[in-house]
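In what follows, a single structure is set out as structure tokens and then discussed.
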Amino acid sequence: MQVRTIKIKSGWLHLPIGRDAKRYYVKFEVEGKQLFEFYLGLVTKEPDFWCGMELEKYIGQTVTMTLDESSSDLSKGLLEGIEEGGAMNEDNPLYPDLYREELRPQYHFSSRRGWLNDPNGLVYDGKMYHLYYQHNPYGITHGGVNVHWGHAVSPDGIRWKERPDGIRPRVSNCHIASGSCIIDYEGIAGYGKGAFIAAFTHLASRNYRSDVPFPSEGQFLAYSVDGGNSYTLFPECPAIPAKDGMDWRDPRLFHDPEGGFGIAVYETTEYGNCVTFYHSDDLHHWTLTSRADDLFECPDLFRLTPVGGGKPKWVLYGADGMYRIGEFSNGVFTQEGERFPLDYGTCTYAGQTWTGRNDADGRMHISWLRDNRLSWDDTACYPDMPFSQQMTVPCLLKLVNTPDGYRITRTPIPALDSLHEGKPTIQKAAWSIETALFLPLQSDTSLTIVCNAPLEVRSEEGSFVYDPMSGEVIFDYGRKKFTLQKNGSLELRILIDTMSCEFFLQNEISASYGQNMHGKDLQLYCKSGFLAEGTTYAMKSIWS
């Protein structure tokens, strides 16, 4: 058995990680009590990158680390490379290129180290936007293990400052899967007025010791009295158990306007995937109220008042972003009309909205902007980078009553404009059939495109065709279609960042694509010709 002890002086340990290194379980203990057990790809020399482990509350104490594969010659000495000292920031010599790496998105949120996927626990506390997210802080793949709730805060929803992970797994058999957060303004749960209440799934991790799978444990609740920096589990956990260890997951907490609180959970029944609704008056005891069929992962549920006034409607969607509009009363959701995508591209997944803010200007939304070329276990993702994946820009969802029924529009939040740098570059394409647009790597472009026949816009990972006569848009060769309320000339906004391209059409809908934009162009084609005019702003880095 390999064992090493380190006295914590600075509040940080730094782990030397190899992208393709063999991984081992490592246990971390203080005074005989286990803190964590992670599955780590440690190396003895020349790490591909370093990852920081924050242990500020253990300053002055000794951490004991145990590697459980000491019989392997490959594992000898792996614990000796771990260093103590200094925070994980740009002033630490272990992190010389932090936020300046070649493939680092410059105005989309990405984690300083490790893997990122679903946004979690989105809450606005009156001063700061909190973004929690699925995070493996010690590797560039998800891998079904080590997953924490990462944590970042922002005063405007655009410029983010990373904090230490908000919720960390204590054992290796389960990790902290997706969930949500609300503020208990009246202290109903008994932890004081203004306590943060988080709901998440204690989801089965992958068992790398044997082929026997672990069971999932269900939906857990935790509270924070320090502004969301650290959480303590409710005494009754799981609050909503998972039947027979099934992977029921992604609890969405919400204030019920009819009184009390609700949770929406992705579950499965003999009829297939569904969202199950539970109700509580005290956040401790939960009662099943109903189920709505055909929803997979990461449910979100909220009310919106139509633009221009009218009776509020409820919006429900799952991880694929297919929203439905209807009524929610007595714990039952009743759908009205058809379902439509929140985004028409190929790479948004598991989007969520912020609670705690005034939604008069719309509901603020963000999504995982995934790179579809990469699997959860692909160590080549974002080649040679110490991080992987990013979020979309935050957007506002608005409910619009159209002649075709209620629709949701999705547009960037106004604060994004504060990143515009200097004077804009004028874009003007004379009447032509086909044009290549070479836009700056970090830029925000707004175009008005005049055409009298279908216009095709192509990027490396996706395309769409716009018909100016009908307003119909066909995305990615027929995968999705939508008819815009405004036809004629096309108002097109294009957000280009290092690893993404996001289109916004007529201030109504969006289409997002994950792709490496280094040296890439966009193609505009119309067989009868078109005219394009507009402006391009360079974008400041949110990491400056």
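If you're wondering where the values come from, they're calculated on a predicted model, not measured in any experiment.
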Inset, instruction - For the pair R493 and D417, find out whether any cationic side-chain nitrogen is under 4.0 Å from an anionic carboxylate oxygen. - result: yes
Legend entry - Residues in salt bridge (charged side-chain N to carboxylate O under 4.0 Å, His left out) contact with E533, at least two apart in sequence or another chain: K428
Legend entry - Min side-chain heavy-atom separation Q106-D497 under 4.5 Å: yes
Inset, instruction - Using a 4.5 Å cut-off on heavy atoms from C-beta on, say whether the side chain of F261 contacts that of F254. - result: no
Legend entry - Residues Q442 and Y537: side-chain donor-acceptor under 3.5 angstrom: no
Legend entry - side-chain hydrogen bond (donor to acceptor under 3.5 Å, both in side chains) against Y138, all qualifying residues, sequence neighbours excluded: none
Inset, instruction - May I ask you to check whether S111 and Y133 show a side-chain donor-acceptor distance below 3.5 Å? - result: yes
Legend entry - Qualifying residues under ring-ring contact (aromatic ring centres under 6.0 Å, His included), relative to W354, sequence neighbours excluded: Y129
Inset, instruction - Not counting sequence neighbours, list each pair that qualifies as a salt bridge (charged side-chain N to carboxylate O under 4.0 Å, His left out) and has a residue in residues 300-321. - result: R252-D300, K311-E327, K313-E327, K313-E336
Inset, instruction - List the steps and the verdict of side-chain contact (heavy atoms from CB on, under 4.5 Å) for W115 and V147. - result: CA-CA 9 Å; W115 168 273; V147 180; over 6 Å; no
Inset, instruction - Indicate the ring-plane relationship of W543 and F109, choosing parallel, tilted or perpendicular according to the 30° and 60° boundaries. - result: tilted
Inset, instruction - Indicate yes or no: at least one non-hydrogen side-chain atom of L505 is less than 4.5 angstrom from one of V473. - result: yes
Legend entry - Main-chain N/O of Q485 paired to E508 side chain as donor or acceptor, under 3.5 Å: yes
Legend entry - Under the salt bridge (charged side-chain N to carboxylate O under 4.0 Å, His left out) test, residues paired with E54 that sit two or more places apart: R168
Legend entry - Identified side-chain contact (heavy atoms from CB on, under 4.5 Å) partner of R363 from the options V315, L399, L397: L397
Legend entry - Spacing of CE belonging to M517 relative to CG belonging to L522, to within rounding of 0.5 Å: 5.0 Å
Legend entry - With T355 via side-chain hydrogen bond (donor to acceptor under 3.5 Å, both in side chains) - residues at least two apart: none
Inset, instruction - Find out whether L316 and F277 are in side-chain contact, i.e. whether some heavy atom of one side chain is under 4.5 Å from a heavy atom of the other. - result: yes
Legend entry - Member of Q389, R104, Q390 meeting the side-chain hydrogen bond (donor to acceptor under 3.5 Å, both in side chains) criterion with S110: R104
Inset, instruction - May I ask you to check whether Y223 and F196 place their ring centers less than 6.0 Å from one another? - result: no
Inset, instruction - State, without any angle test, whether N120 and W149 hold a side-chain donor-acceptor pair at a distance under 3.5 Å. - result: yes
Inset, instruction - First locate atom CD1 of I408, then atom SG of C395, and finally report the distance between them rounded to the nearest 0.5 Å. - result: 13.0 Å
Legend entry - For I197, the option from I188, I182, V123 that meets side-chain contact (heavy atoms from CB on, under 4.5 Å): I182
Inset, instruction - Would you kindly say whether S446 and E491 are connected by a side-chain donor-acceptor distance under 3.5 Å? - result: no
Inset, instruction - Indicate yes or no for a side-chain donor-acceptor contact from T392 to the backbone of S367 under 3.5 Å, with no hydrogens or angles considered. - result: yes
Inset, instruction - Decide yes or no on side-chain contact (heavy atoms from CB on, under 4.5 Å) for L203 and D247, but give the supporting numbers first. - result: CA-CA 7 Å; L203 187 66; D247 287 346; 3.6 Å; yes
Legend entry - Ring-face cation contact, Y349 with R370, 6.0 Å cut, 45° max: yes
Legend entry - H151 side chain to D165 side chain, donor-acceptor N/O pair below 3.5 angstrom: no
Legend entry - All side-chain hydrogen bond (donor to acceptor under 3.5 Å, both in side chains) counterparts of Q506, not counting sequence neighbours: none
Legend entry - Donor-acceptor side-chain pairing of E502 and H108 below 3.5 angstrom: yes
Inset, instruction - Please lay out, stage by stage, how L396 and T409 fare under the test side-chain contact (heavy atoms from CB on, under 4.5 Å). - result: CA-CA 8 Å; L396 291 177; T409 64; over 6 Å; no
Legend entry - Pair R249 + E297, salt bridge at N-O below 4.0 Å: yes
Inset, instruction - Could you tell me whether the side chain of M322 reaches within less than 4.5 Å of the side chain of Y317, counting heavy atoms only? - result: no
Inset, instruction - For residues E267 and V265, determine if any side-chain heavy atom of one lies less than 4.5 Å from a side-chain heavy atom of the other. - result: yes
Inset, instruction - For D476, enumerate each residue passing the salt bridge (charged side-chain N to carboxylate O under 4.0 Å, His left out) test, keeping only those at least two apart in sequence or located in another chain. - result: none
Inset, instruction - Determine whether P394 and L416 make a side-chain contact, defined as any pair of heavy atoms from C-beta on separated by less than 4.5 Å. - result: no
Legend entry - Distance, nearest 0.5 Å, that separates CD1 of I158 from OG of S418: 6.5 Å
Inset, instruction - Report the residues that fulfil side-chain hydrogen bond (donor to acceptor under 3.5 Å, both in side chains) with D97, sequence neighbours left out, ordered by chain and then residue number. - result: none
Inset, instruction - Would you indicate whether the side-chain heavy atoms of L131 and L122 approach each other to under 4.5 Å? - result: yes
Legend entry - Pairs flagged by ring-ring contact (aromatic ring centres under 6.0 Å, His included) wherever residues 482-506 is involved - sequence neighbours left out: Y344-F482, F464-F503
Legend entry - Backbone of D184 reached by a side-chain donor or acceptor of H255 within 3.5 Å: no
Inset, instruction - Taking salt bridge (charged side-chain N to carboxylate O under 4.0 Å, His left out) as the test, write out the residues that go with E456, two or more places apart. - result: R458
Legend entry - Gap separating the CG atom of L437 from the CG atom of L447, nearest 0.5 angstrom: 6.5 Å
Legend entry - Residue pairs involving residues 397-412 (criterion salt bridge (charged side-chain N to carboxylate O under 4.0 Å, His left out); sequence neighbours excluded): D343-R410
Legend entry - Ring centres under 6.0 angstrom apart (Y525, F530): no
Inset, instruction - Drop me the distance from H420's NE2 to S443's OG, to the nearest 0.5 angstrom. - result: 9.5 Å
Legend entry - Modelled atom types, side-chain donor and acceptor of T268 and W248, under 3.5 Å: yes
Inset, instruction - List the steps, then state whether ring-ring contact (aromatic ring centres under 6.0 Å, His included) holds for Y382 with F387. - result: CA-CA 7 Å; Y382 283 20; F387 67 96; 5.6 Å; yes
Inset, instruction - Let me see the working for L439 and I494 under side-chain contact (heavy atoms from CB on, under 4.5 Å), right down to the final yes or no. - result: CA-CA 9 Å; L439 300 176; I494 308 168; 4.1 Å; yes
Legend entry - Between T536 and Q427: side-chain donor-acceptor atoms closer than 3.5 Å: yes
Inset, instruction - With rounding to the nearest 0.5 Å, note down the distance linking CD1 in I167 to OG in S224. - result: 9.0 Å
Legend entry - E258 side-chain N/O to N330 backbone N/O, donor-acceptor pair under 3.5 Å: yes
